[in-house]
Amino acid sequence: MERGAIALDSCPGGLDLRLTLESGQSYLWRREDDRMYEGDPGGRYYTIVDDEFVRVRQTDTTLEWESTTDAEPVLRELLRLDDDLDAIMAAGPDDPLLREAYAAHRGMRIVNDPSFPCLISFICSAQMRVSRIHGMQTTLAERFGDGMEIDGETYHTFPTPEQLASASVEALRECSLGYRAPYVRETAGMIASGDARPEDALGLAYEDARESLTRFVGVGPKVADCVLLFSLGYLEAVPLDTWLRSAIEEYFPECDRDSYRETSRAIRERLGDEYAGYAQTYVFHHLRTAGTVEAGE
DNA sequence: CCGTACCCTAGTTT
DNA sequence: AAAACTAGGGTAC
């Protein structure tokens with residue numbers, strides 16, 4: 001295994017690895033102690049991307065890694081380490097809630113997951129809690145992915161489109177996918193057969209790209225926005241889930257519209273068109289964690 | 001564009 | 001303590 005360390009002062013605005021990986025953006029990393037989403041400090045995280053194993057740990061000043069390949073360029077891409085968080089914050093509107101959210105969760109970055117696993121994990125996310133979505137992806141990898149031996153331990157790749165397309169709906173249901181099982185199979189089949197790829201959306205104007213992704217079964221506007229933001233680099237995408245909708249009702253009532261499309265347009269304008277997805281991720285996370293604290297009182 | 005059914009399970013309430 | 005009940009990052013029809 002190769003090893004290295006990325007100096008965090010080379011990542012403008014810093015990095016908070018745990019916030020980035022445990023804020024419901026990516027379901028493709030696992031924590032070595034298997035205690036994701038339980039609120040305690042993170043340790044080492046690992047994933048397999050393009051058949052390369054990558055394990056990371058954050059220290060005060062670096063992001064340490066060990067990998068089957070030179071992981072620095074991989075990590076820069078996966079964790080968007082070159083995004084200038086201060087510039088992104090400065091480019092947005094001068095809003096008290098937004099400012100507070102940015103300050104409270106410094107170093108949280110938007111992820112840039114590989115598109116197929118991202119698409120599948122967000123199809124699985126419908127009506128589901130983060131810990132269970134994560135569990136589903138782990139089960140899919142264990143049942144349908146390839147085993148990979150690292151230091152005497154077996155890890156599993158995320159299944160390919162072919163592997164999921166050839167799985168039976170029953171077998172997928174047994175991964176606790178529920179009614180999402182046929183969606184996953186159908187979508188994997190569309191990609192395996194070459195009929196469509198998530199990347200077909202690349203290059204399209206944002207709303208056209210969102211529309212394009214809804215061709216996949218199990219993908220409506222919300223899931224499409226997640227894939228655009230967390231995999232295809234559309235930083236203006238704002239996934240309108242129930243949490244964000246209620247936040248909009250409370251904090252930005254003037255943006256509340258009848259349709260997904262119109263509410264999306266209004267909130268993007270309100271949060272700053274270019275980086276609305278970043279703003280959304282911070283606000284969403286801020287309100288969520290604040291809610292947890294209040295609930296504990 | 002609108003309403004409803006959908007699969008599963010942890011957490012809560014009877 | 002076992003059995004209902006509820007809701008949880010939507011989408012297809």
Quiz item: Between C/dG10 and A/Thr242, is there an OP1 or OP2 to side-chain N/O distance shorter than 4.0 Å?
Solution: yes

Quiz item: How long is the line joining CD1 of A/Ile123 and C1' of B/dC7, in whole Å?
Solution: 16 Å

Quiz item: Is any NZ, NE, NH1 or NH2 atom of the basic residue among A/Asp256 and A/Arg245 found under 4.0 Å from an Asp or Glu carboxylate oxygen of the other?
Solution: no

Quiz item: When we call it a touch if two heavy atoms are under 4.0 Å apart, what does A/Gly24 touch: a base, just sugar-phosphate, or nothing?
Solution: base

Practice problem: Report the distance from atom OH of A/Tyr260 to atom P of B/dG3, rounded to the nearest whole Å. | Solution: 19 Å

Quiz item: Do NZ/NE/NH1/NH2 and the carboxylate oxygens of A/Arg106 and A/Asp16 come within less than 4.0 Å?
Solution: no

Quiz item: Paired with B/dC7: which nucleotide, if any, by Watson-Crick or G-U wobble criteria at under 3.5 Å for both distances?
Solution: none

Quiz item: Can you find a donor-acceptor pair, distance only, under 3.5 Å between A/Arg132 side chain and B/dC8 base?
Solution: yes

Self-check item: Gap between atoms OH and P, on A/Tyr183 and B/dA5 respectively (whole Å)
Solution: 14 Å

Quiz item: Do the ring planes of A/Tyr102 and A/Tyr282 sit parallel (below 30°), tilted (30 to 60°) or perpendicular (above 60°)?
Solution: tilted

Quiz prompt | Separation of B/dA10 C1' from A/His134 NE2 (nearest whole Å) | solution = 18 Å

Quiz prompt | Separation of C/dA12 P from A/Arg215 CZ (nearest whole Å) | solution = 14 Å

Exercise. Compare the minimum distances between each of B/dC8, C/dA7, C/dG10 and the side chain of A/Arg129, then state the nucleotide with the smallest one.
Key: C/dA7

Practice problem: Could you check whether A/Ser246 gets within reach of a base, just the sugar-phosphate, or nothing at all, counting any heavy atom under 4.0 Å? | Solution: nothing

Self-check item: Distance, rounded to the nearest Å, where A/Glu262 contributes CD and B/dC1 contributes C1'
Solution: 13 Å

Self-check item: Between P of B/dC2 and CZ of A/Arg261, the distance in whole Å
Solution: 13 Å

Practice problem: Name the orientation class of the two ring planes belonging to A/His105 and A/His285 (parallel below 30°, tilted from 30 to 60°, perpendicular beyond 60°). | Solution: perpendicular

Quiz item: When all nucleic acid strands are considered with a 4.0 Å heavy-atom cut-off, which category describes A/Phe230: base, sugar-phosphate, or nothing?
Solution: nothing

Exercise. Scan A/Val217 against the nucleic acid and name what it touches under 4.0 Å (heavy atoms): base, sugar-phosphate only, or nothing.
Key: sugar-phosphate

Quiz item: Quick one: is A/Ser259 getting a side-chain N or O under 4.0 Å of the B/dC1 phosphate, OP1 or OP2?
Solution: no

Quiz item: So does A/Tyr179 reach the base of C/dG10 with its side chain, donor to acceptor, closer than 3.5 Å?
Solution: yes

Quiz prompt | A/Arg180 side chain, from C-beta outward: closest of B/dC7, B/dC8, C/dT11 | solution = B/dC7

Practice problem: Determine the contact category for A/Pro221: base if any of its heavy atoms lies under 4.0 Å from a base atom, sugar-phosphate if only primed atoms, P, OP1 or OP2 are that close, otherwise nothing. | Solution: sugar-phosphate

Practice problem: Could you state the atom-to-atom distance from CD of A/Gln127 to C1' of B/dT9 in whole Å? | Solution: 13 Å

Quiz item: Which distance, rounded to the nearest 0.5 Å, do you find between the CD1 of A/Ile191 and the CD of A/Glu199?
Solution: 8.0 Å

